[in-house]
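Below you'll find the structure, written out as structure tokens, and then a few comments.
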Amino acid sequence: MASMNPNIRIFEDLNELSAAAADLWVESAREAVQERGRFLVALSGGGTPMNLYRLLAREPYRSRVDWSRTHVFWGDERCVPPDDPENSYGQAKQTFLDQVAIPAGNIHRVASDLEPAAAAEDYARRLSRFAESGLAFPRFDLVLLGMGEDGHTASLFPGSPVEVTTPTLAVTAHYQNRPANRVTLTPLVFNAARRIMFLAAGAAKADTLVHILKGDYNPSLYPAQRIRPANGQVIWMIDRAAAGKLSQER
Ligand code: 6PG
């Protein structure tokens with residue numbers, strides 16, 4: 001099967017990448033509010049988006065977003081309490097949500113203090129309240145995703161089932177030799193999004209990016225390849241180090 005044909009943007013470093021991502025956030029929010037009266041965004045965890053989150057809390061970005069119409073969700077979450085440094089909601093809260101005028105009721109975190117199965121069910125119910133007609137979940141205006149060196153994205157890990165019929169999943173996997181209890185959205189939800197922005201930085205990701213973007217379609221081994229929205233745009237925001245092997249391939 002032919003590989004996807006995404007929009008790839010290469011930046012000098014993580015700072016440039018993050019500023020461009022913040023611009024795209026502002027643009028996506030403006031379009032969504034204008035067209036549909038609200039902006040639905042799904043955040044990712046991991047280290048790469050932290051720079052972007054810090055930018056959003058500051059000018060010139062902060063006042064360019066209508067936070068009262070912004071609803072924040074997570075593409076995946078680690079099942080630890082919100083004040084645990086590993087918790088993606090907690091990280092986003094500290095880096096920007098506490099510093100912008102977003103109503104508490106617009107922050108839709110995963111109930112990460114529950115067991116993964118219960119948290120996944122609870123999250124699915126929450127998503128259904130924002131459902132697009134005909135679907136059990138919303139069409140996100142913007143989804144942020146990262147990519148692990150093993151090709152995972154959100155908490156869709158290599159070897160996990162490719163065919164999934166529920167919007168959320170409880171994940172109990174071993175990741176980097178540690179048990180990982182997580183909740184993740186599934187490709188069903190990701191692939192209904194209007195826009196997906198992958199953020200990848202650093203030379204350690206260069207080889208995997210070649211497989212994902214230029215290699216054969218192998219969604220079991222490279223879960224990031226499962227992200228192929230039916231009716232939406234995928235943008236890869238990559239720094240020069242992560243793109244290192246890619247440019248040679250072109
Ligand atoms: C998480 C994310 C995960 C992440 C990638 C990349 O919370 O761990 O869901 O999919 O985006 O592992 O992480 P880095 O940005 O830290 O490289």
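Hydrogens, waters and symmetry mates are skipped; everything else that's a heavy atom, side chains included, is used. Remember, it's 1-based here, ligands and their atoms both numbered in the order they're listed.
Relative to atom 7 (O) of ligand 1, the option among R78, E77, M50, M147 with the closest non-hydrogen atom is R78.
Residues D13 and R240 are not in side-chain contact: their nearest non-hydrogen atoms beyond the backbone lie 4.5 Å or more apart. For the pair R194/R36, a side-chain contact is recorded, criterion being any heavy-atom separation below 4.5 Å from C-beta on.
Residue contact check: G146 has heavy atoms under 4.0 Å from atoms 11 (O) of ligand 1. Heavy-atom contacts of A154 reach the following atoms of ligand 1: 3 (C), 9 (O), 10 (O) (cutoff under 4.0 Å). Short contacts between ligand 1 and S88, defined as distances under 4.0 Å to a heavy atom of the residue, involve ligand atoms 7 (O). Using a 4.0 Å cut-off to heavy atoms of T48, the atoms of ligand 1 that qualify are 14 (P), 15 (O), 17 (O). Close contacts of ligand 1 with H152, meaning ligand atoms under 4.0 Å from a residue heavy atom, involve 3 (C), 5 (C), 10 (O), 12 (O). Residue-ligand proximity, R182 to ligand 1, at heavy-atom distances under 4.0 Å covers atoms 1 (C), 8 (O).
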May I have the list of side-chain donor-acceptor pairs in residues 102-111 shorter than 3.5 Å, sequence neighbours left out?
residue	atom	partner	partner atom	Å
N106	ND2	S68	O	3.0
N106	ND2	T70	O	3.0
H108	ND1	R126	NH1	2.7
H108	NE2	H71	ND1	2.9
H108	NE2	N106	O	3.4
R109	NH1	S112	OG	3.4

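Remark: distances from the non-hydrogen atoms of E149 to ligand 1 are all 4.0 Å or more.
Polar contact with ligand 1: absent for S44 (N/O pair, distance under 3.5 Å). Taking only nitrogen or oxygen atoms, main chain and side chain alike, P49 does not reach within less than 3.5 Å of ligand 1. Not one N or O of T153 is nearer than 3.5 Å to an N or O of ligand 1, by distance alone.
Looking at D76 against ligand 1, only its side chain comes within 4.0 Å, counting heavy atoms. Contacts between A200 and ligand 1, counted as non-hydrogen atom pairs separated by less than 4.0 Å, are absent for every part of the residue.
Salt bridge R78/E86: present, at least one basic N to carboxylate O contact under 4.0 Å. A salt bridge is defined here as a Lys NZ or Arg NE, NH1 or NH2 lying under 4.0 Å from an Asp or Glu carboxylate O, and E27 with R30 fails to meet this definition.
Side-chain atoms of Q91 and T95 form no donor-acceptor pair, as typed in the model, at a separation below 3.5 Å.
Residue-environment remark: CD (Q94) stays at or below the threshold of 12 foreign heavy atoms within 6.0 Å.
By the criterion of side-chain heavy atoms lying less than 4.5 angstrom apart, applied directly or through intervening Ile, Leu, Val, Met, Phe, Trp or Tyr residues, L156 is grouped together with F73 in one hydrophobic cluster.
Applying the ring-ring contact (aromatic ring centres under 6.0 Å, His included) rule to Y61 yields no partners; only residues at least two apart in sequence or on another chain are considered.
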